[in-house]
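Read the structure below first, then the notes.
If you read the sequence from its start, that first residue is 1, and numbering goes on from there.
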Amino acid sequence: MINWLQEKYISLLSPWIPIMGKVNSKIKYRLLTACFFVDLVLFCIVRYVLHKESYFYNTICGFIIMFAIAILSLDRKLEKKTWRRSICVSWFGMCALFTLSDFLVTKKVCGLGLVLAFVFTMVFFVWQNNSRKDLLWKSFKDAVKIAFVIIAVLAFLFRPFFDGGRYAAIFTNPNTFGLYIFVVFAVYMSDLDWNVEIGKCTKRCIGTYFMLALCIFYLIVSQARTALLAVIAIFAVWLYLRISNGIKEKRHKHYLKAIGMLVLFSVVLFPVFFISAKKIPYLVGHPIIFQEDVLYLSNGEKIESVGDKVINESDNIESVDTFQKKEEHINVIDRIIKGIMNNETLNNISSGRLTIYKAYMSKLNFSGHKRITMNINGKKVSHAHNNWLQFAYTYGILSLVMYTIVTLLSFTRSIYFYKTNRRKNATYAFFIPAICCGFLMATLTEALFLPFELFPAFAYWFAFGDIFEKKIEEKNTDELIEGNH
């Protein structure tokens, strides 16, 4: 099947190779960066430019962007690549189960299996054939950086900071803002790892430290706990990898210096960022307030009772009541589980997630459900706040099994990729495990799986391209490393 699929990709894309060969490489790089930037702000384009708000339009636009990325990434003859059997079986098995569930139960959100199986793997195949994958990943990272700079500038100038509230920058929900920040943090941490790997001088790393300090500031003032846990996981993985490498090579100076500089920049710049966020919008005198704005308070309350959402679903949402019922003759294990799930303190700490988990678990089946959302105790809940539970609810219990295998492989293989490619692909080697580990942590308490709805999901699925390939092509990065000393 893999050979057949790659042959189809070769037949489809080969006619574009001569055309792309005539395009200046700098122009292709800029267009590629623009594609990733457009994907990052896709939800804004669909809503405010096309005046639409639906999964269908986002998916169509996302498909066009992915095809453009594939075309712009062509630079030589396409050849078949060897893909890891474990990844292929689990990936395509998961996609097949998603698609089967779509046929069994007509969904408001359909086609994810087909998008992952054919659209994403097409781009994976093209990137694996590219002679300068480091430049392709640079375009991805640059798009994230450009978007982050624009977000930061607009936020400092026009988005006021309210005392007692959680800061959301240009977003309407601080949790959504935090999820984007964790992707930005992963990008800049990969830059920091590159700087450590090649021993770049501190003066040339100031920009990286500054941006990482800004990410930490945004995470603190947004109080986005899910994103904070994801960032902690990313930093912990980086620290583990750097310490283990330092022990092997008896070299600790560079990464310890980097940690010290990051702490210094974060501590010194935090009050500067805080005062700027509070004062500058009022000095400018043109604060931007969105119609959908909700002031999320530090104590967990909201000024307006408007829920966040993943996708617009309105009709005939399934309803569940989770009020505790008296049950007799239950064993000790069940009693312990029920005690945890019905614990009000834990439920309040988790912002009602235990109630949500219990409601979604009560409706699991093998065929899946039409919608992502659910009415729980009379209140609409946008999603399951957990990827595993969301996949099991939306696509069936068997899909949960395959998704679990895929996530475990993404963790182990991304670490392996870093250990074997941190010199050959130093510019982006750490981004692969960073986004995979951060995503796995974030999805314990959030549902992130639609690639053209939420950029963290896109970044995660996209990172599989390097995990798929069984043998990463050797690259000559000596000149690149020497040029940055």
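- Remark: the backbone N or O of Y240 is paired with a side-chain donor or acceptor of S244 at under 3.5 angstrom.
- No donor-acceptor pair closer than 3.5 Å links the side chain of R84 to the backbone N or O of F468.
- In this structure the side chain of K141 never reaches within 4.5 angstrom of the side chain of F36, judged on heavy atoms.
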Could you go step by step and tell me if I397 and N365 meet the side chain to side chain contact (heavy atoms under 4.5 Å, CB included) rule? CA-CA 6 Å; I397 295 173; N365 58 33; 5.8 Å; no

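- The heavy-atom pair separating F217 from A277 by the smallest distance is CZ-CB, 4.2 Å.
- Considering F417, Y418, W194 as possible partners of F430, the one that fulfils the side chain to side chain contact (heavy atoms under 4.5 Å, CB included) test is Y418.
- Remark: side-chain polar atoms of T394 are not paired, donor with acceptor, to backbone N or O of H369 under 3.5 angstrom.
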Show your working on side chain to side chain donor-acceptor pair (under 3.5 Å) between T226 and T445 and close with a plain yes or no. CA-CA 6 Å; T226 296; T445 55; 2.6 Å; yes

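- Shown here for S410 and I467, the closest heavy-atom pair between the two residues is O-CD1, 4.0 Å.
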Would N175 and R225 count as a side chain to side chain donor-acceptor pair (under 3.5 Å) here? Give the steps. CA-CA 8 Å; N175 296 321; R225 289 174 294 180; over 6 Å; no

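- At least one donor-acceptor pair closer than 3.5 Å links the side chain of N245 to the backbone N or O of L241.
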Output, in order, the C-alpha distance, side-chain angles, deciding distance and verdict of side chain to side chain contact (heavy atoms under 4.5 Å, CB included) for L116 and F92. CA-CA 8 Å; L116 294 179; F92 287 104; over 6 Å; no

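- One distance of note links CZ of F156 with CD1 of I170; it measures 13.0 Å at 0.5 Å rounding.
- The side-chain heavy atoms of F182 and C215, taken from C-beta on, include no pair separated by under 4.5 Å.
- Put simply, the side chain of R159 gets close to the backbone of A169: a donor and an acceptor are under 3.5 Å apart.
- If you look at F464 and W83, their ring centroids are not closer than 6.0 Å.
- To the nearest 0.5 Å, atom CG of residue L450 and atom CD of residue Q390 are 8.5 Å apart.
- Put simply, the side chain of V115 does not reach to within 4.5 Å of the side chain of W461, judged on heavy atoms.
- Side-chain contact between E7 and K80 is present, with at least one heavy-atom pair separated by less than 4.5 Å.
- Salt bridge present: E469 and K133 bring a charged side-chain N and a carboxylate O closer than 4.0 Å.
- For the pair L212 and S266, the minimum side-chain heavy-atom distance is 4.5 Å or more.
- At most 12 heavy atoms of other shown residues, nucleotides or ligands fall within 6.0 angstrom of atom CZ in F411.
- The salt bridge (charged side-chain N to carboxylate O under 4.0 Å, His left out) pairs that include a residue from residues 109-118 number zero, where partners must be two or more places apart or lie in different chains.
- Legend: salt bridge (charged side-chain N to carboxylate O under 4.0 Å, His left out) pairs involving residues 97-106, not counting sequence neighbours, sorted by first then second residue: D102-K107.
- Across all their heavy atoms, T33 and S139 have their closest contact at OG1-CB, 3.4 Å.
- At least one side-chain heavy atom of L112 sits less than 4.5 Å from a side-chain heavy atom of P451.
- Here the side chain of Q6 pairs a donor or acceptor atom with the backbone of K81 at under 3.5 angstrom.
- In the model, Y403 has a side-chain atom that pairs as donor or acceptor with a side-chain atom of N387 under 3.5 Å.
- Note that the CH2 atom of W16 and the CG atom of L78 stand 13.5 Å from one another [nearest 0.5 Å].
- Contact check for L409 versus S90: side-chain heavy atoms found under the 4.5 Å cut-off.
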Run the side chain to side chain contact (heavy atoms under 4.5 Å, CB included) check on I415 and V237 step by step: do they pass? CA-CA 9 Å; I415 299 294; V237 169; 3.8 Å; yes

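- With D134 contributing its side chain and T427 its backbone, the two residues share no donor-acceptor pair below 3.5 Å.
- Ring orientation note: the planes of Y167 and Y218 are close to parallel, at an angle under 30° on the 30°/60° scale.
- Two rings, from Y180 and F148, have their centers 6.0 Å or more apart.
- Closest approach of A434 and A186 over heavy atoms only: CB-CB, 3.9 Å.
- In this structure a side-chain-to-backbone donor-acceptor pair under 3.5 Å is missing from N130 to V126.
- Screening Y9, W137, F120 for a ring pair (Phe, Tyr, Trp, His ring centres under 6.0 Å) involving W127 leaves a single residue, W137.
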I'd like to know whether V381 forms a side chain to side chain contact (heavy atoms under 4.5 Å, CB included) with T373, so could you lay out the CA-CA distance, the side-chain angles of the two residues, the decisive distance to 0.1 Å, and finally the verdict. CA-CA 6 Å; V381 175; T373 56; over 6 Å; no

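- Rounded to the nearest 0.5 Å, atoms CZ (F455) and CG (L40) are 4.5 Å apart.
- Shown here for M66 and F458, the closest heavy-atom pair between the two residues is SD-CE1, 3.5 Å.
- Rounding to the nearest 0.5 angstrom, the gap separating the CG atom in L179 from the CZ atom in F171 is 9.5 Å.
- No salt bridge links R413 with D466; every basic N to acidic carboxylate O contact stays at or beyond 4.0 Å.
- The shortest side-chain heavy-atom distance between Y357 and L354 falls under the 4.5 Å cut-off.
- With rounding to the nearest 0.5 angstrom, the CZ atom of F177 is 4.0 Å from the CD1 atom of I181.
- The nearest pair of heavy atoms linking F140 to A459 is CZ-CB, 4.0 Å.
- A donor-acceptor contact shorter than 3.5 Å is absent between the side chain of N425 and the backbone of Y428.
- More than 12 heavy atoms of other shown residues, nucleotides or ligands fall within 6.0 angstrom of atom CZ in F270.
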